[in-house]
Amino acid sequence: MRVLGIETSCDETAAGVVEDGRILSNVISSQIHLHRRFHGVVPELAARAHLQRIAEVVETALNGRKVDAVAFARGPGLMGPLLVGKMAALAASATLGCPVVAVNHLEGHVFAAELCGKIRFPLVTLIVSGGHTDLLLCRGPGRYRVLGRTRDDAAGEAYDKVARMLGLGYPGGPAIDRLARRGDPQAVAFARPLLPGTWDFSFAGIKTAMLYHLRDLKRKPTRREVADLCASFQEAVVETLVRKTLAAVERCKVKDVVVGGGVAANGRLREAFQEAARGRGVRVSIPPPILCTDNGAMLAQAASHRLRLGRAGRSLRCDPGLGFENWGA
Ligand code: KG4
Ligand code: ZN
């Protein structure tokens, strides 16, 4: 089965074609430069930019190929941008004479790992992006149990806000990732918000601790200090994510972990997950960075499961707050 996936939920205009778990194309046009001076995504600008680029991105991804279905993300994301993706998917499906399938953007992040090798169910999955920090038990496509999620800022949001405090560009994740390599992760002891007794996360405290640290410094931090702060902040976030995920793995008695979403592109997070899994008999799958951040191929892969299981006829309504739904429910 060959599926075209169209992704426009935030600031990436993307389309990809996947055939039986194999990527045939994955075209991503990033809007980062457009939003940089606002230190965040401006929904109206994002929607307009998607509209300008979507036709060319989809045509490049298709490259004259025929497909069996067209998928788009109906949520979560920004309403204007989501609607552009939906309209593009409806237009493509009418032109190509094939069905349109609405998928959940978060499911795309889970199934991105499958584009690089088989994943085994049941598994625990951690989705860490600009808008989400979700920990789930997944028994198969469409069978999810949310274990925990963030109570305040998403992991990526914390990266972006801390980067702004440190005078680094937008998005903050890649900038902190890069600088942290030169810093000392032990320089500043940020608390690890483990929230014992729950599977939830909370990153607002680390963000505030960074704010107070910079305020008390009463001067601009030096380059060395910025690198140390990046490394210390990153270590606190990464350690929290890894420890809680592996505790869930133990509790749920599973052997497989899938990590996805933009923050899964983080070098230290990837390394820390593999270090922690080693010796515990746990297999951690994290797709390459280009498949961690938003893309169309991941949506095509999520749609393939829906089509295979006959769950494609559900609502096409865009829902900015969409969470993980069980298909059988
Ligand atoms: O999944 P994604 O592309 O879009 C959403 O669905 O939100 O994630 C974007 C987020 C941003 O907050 C960005 O700062 C973060 O992922 N990110 C990273 C890295 N690359 C992107 N965070 C940490 N380290 C990275 N290398
Ligand atoms: Zn995403």
Side-chain angles (χ1 to χ4, degrees), residues 1 3 5 7 9 12 14 16-26 28 71 73 76 103-149 154-156 173 177 238 241-242 244-246 248-249 252 254-278 280-309 324 327:
M1 190 184 338
V3 182
E7 159 59 33
S9 66
E12 248 91 40
V17 178
V18 167
E19 183 168 23
D20 303 326
R22 202 163 52 89
I23 299 175
L24 301 187
S25 64
N26 203 16
I28 303 165
V103 298
N104 185 317
H105 175 89
L106 298 171
E107 275 176 1
H109 281 307
V110 176
F111 293 110
E114 224 176 13
L115 295 168
C116 338
K118 249 189 139 34
I119 57 176
R120 295 175 304 196
F121 300 100
L123 53 83
V124 162
T125 178
L126 173 74
I127 303 304
V128 268
S129 69
H132 288 265
T133 306
D134 291 339
L135 187 63
L136 302 119
L137 172 64
C138 175
R139 297 196 176 280
R143 299 175 64 200
Y144 311 107
R145 183 152 74 87
V146 178
L147 302 171
R149 50 167 59 112
D177 192 358
V238 165
L241 292 171
V242 172
K244 293 207 72 149
T245 305
L246 288 174
V249 164
C252 298
V254 302
K255 289 278 170 219
D256 281 75
V257 177
V258 162
V259 189
V263 182
N266 185 269
R268 179 66 195 129
L269 184 75
R270 302 169 75 86
E271 185 184 89
F273 260 115
Q274 299 303 348
E275 276 168 13
R278 217 170 285 143
R280 292 188 201 210
V282 174
R283 193 172 76 153
V284 180
S285 307
I286 315 179
I290 194 70
L291 292 175
C292 289
T293 45
D294 293 345
N295 65 88
M298 69 180 196
L299 300 182
Q301 182 60 11
S304 308
H305 287 295
R306 289 209 182 231
L307 288 160
R308 188 173 49 79
L309 297 170
F324 274 95
W327 302 351

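Along the sequence shown, the residues carry numbers beginning at 1. Predicted model only: the values in this text are computed from it and were never measured.
Considering NE2 of His105 and CG of Leu299, their distance stands at 7.0 Å, rounded to 0.5 Å. Taking SG of Cys252 as the start and CZ of Arg139 as the end, the distance is 7.5 Å to the nearest 0.5 Å. A distance of 4.5 Å separates CG of Leu115 from CD1 of Ile23, quoted to the nearest 0.5 Å. Put simply, NE2 on His132 and NE2 on His109 are 8.5 Å apart, with the number rounded to the nearest 0.5 Å. Here OG1 of Thr125 is found 6.5 Å from CZ of Phe324. Values are rounded to the nearest 0.5 Å. Arg280 CZ to Lys255 NZ: the interatomic distance, rounded to the nearest 0.5 Å, is 10.5 Å.
The side chain to side chain contact (heavy atoms under 4.5 Å, CB included) check on Arg268 picks up Gln234, Glu235, Val238, Asn266, Glu271, Ala272, Glu275, with sequence neighbours excluded.
When all heavy atoms are compared, the tightest approach of Ala248 to Leu135 is CB-CD2, 3.9 Å. Taking each heavy atom of Val3 and Ala303 in turn, the nearest pair found is CG1-CB, 4.1 Å. Summarising the geometry of Ala277 relative to Val284, their closest heavy-atom pair is CB-CG2, 3.5 Å, with the distance given to 0.1 Å. In this structure, Trp327 and Ala302 approach most closely via the heavy-atom pair CH2-O, 4.4 Å. In terms of heavy atoms, Gly5 sits closest to Ala300 at N-CB, 3.8 Å. Nearest heavy atoms, Val254 versus Pro122: CB-O, 3.8 Å.
Taking the side chain as every heavy atom from C-beta outward, Glu114 and Ser285 never approach each other to under 4.5 Å. Using a 4.5 Å cut-off on side-chain heavy atoms (C-beta onward), Val282 and Leu246 make contact. Taking 4.5 Å as the limit, some side-chain heavy atom of Leu291 sits within range of a side-chain heavy atom of Asn26. In this structure, the side chains of Arg149 and Thr133 stay at 4.5 Å or more apart for every pair of heavy atoms. Looking at Asp20 and Ser304, their side chains never come closer than 4.5 Å, going by heavy atoms from C-beta outward. In this structure, Phe121 and Pro141 have side chains that are in contact, with non-hydrogen atoms separated by less than 4.5 Å. Annotation: side chain of Leu126 is not in contact with side chain of Val257 (no heavy-atom distance under 4.5 Å). Using a 4.5 Å heavy-atom threshold, the side chains of Ile290 and Ile28 count as touching.
Counting only residues at least two apart or in different chains, salt bridge (charged side-chain N to carboxylate O under 4.0 Å, His left out) contacts with residues 281-302 comprise Asp256-Arg283.
Sparse packing is recorded around CZ of Arg145, with 12 or fewer heavy atoms of other residues, nucleotides or ligands lying under 6.0 Å away.
Between His305 and Phe111, the ring planes are tilted. Angles from 30° to 60° get that label.
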(message) Does Thr245 form a side chain to side chain contact (heavy atoms under 4.5 Å, CB included) with Phe273? I'd like the steps, not just the answer.
(response) CA-CA 9 Å; Thr245 305; Phe273 260 115; 3.8 Å; yes

(request) Given side chain to side chain contact (heavy atoms under 4.5 Å, CB included), test Ile286 with Cys292 step by step and report yes or no. (result) CA-CA 8 Å; Ile286 315 179; Cys292 289; 4.2 Å; yes

(message) Working note: Val259 + Val128, criterion side chain to side chain contact (heavy atoms under 4.5 Å, CB included); need CA distance, chi angles, decisive distance, verdict.
(response) CA-CA 8 Å; Val259 189; Val128 268; 4.3 Å; yes

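Judged by distance alone, with hydrogens and angles left aside, the side-chain atoms of Glu7 form a donor-acceptor pair with the main-chain N or O of Ser9 at under 3.5 Å.
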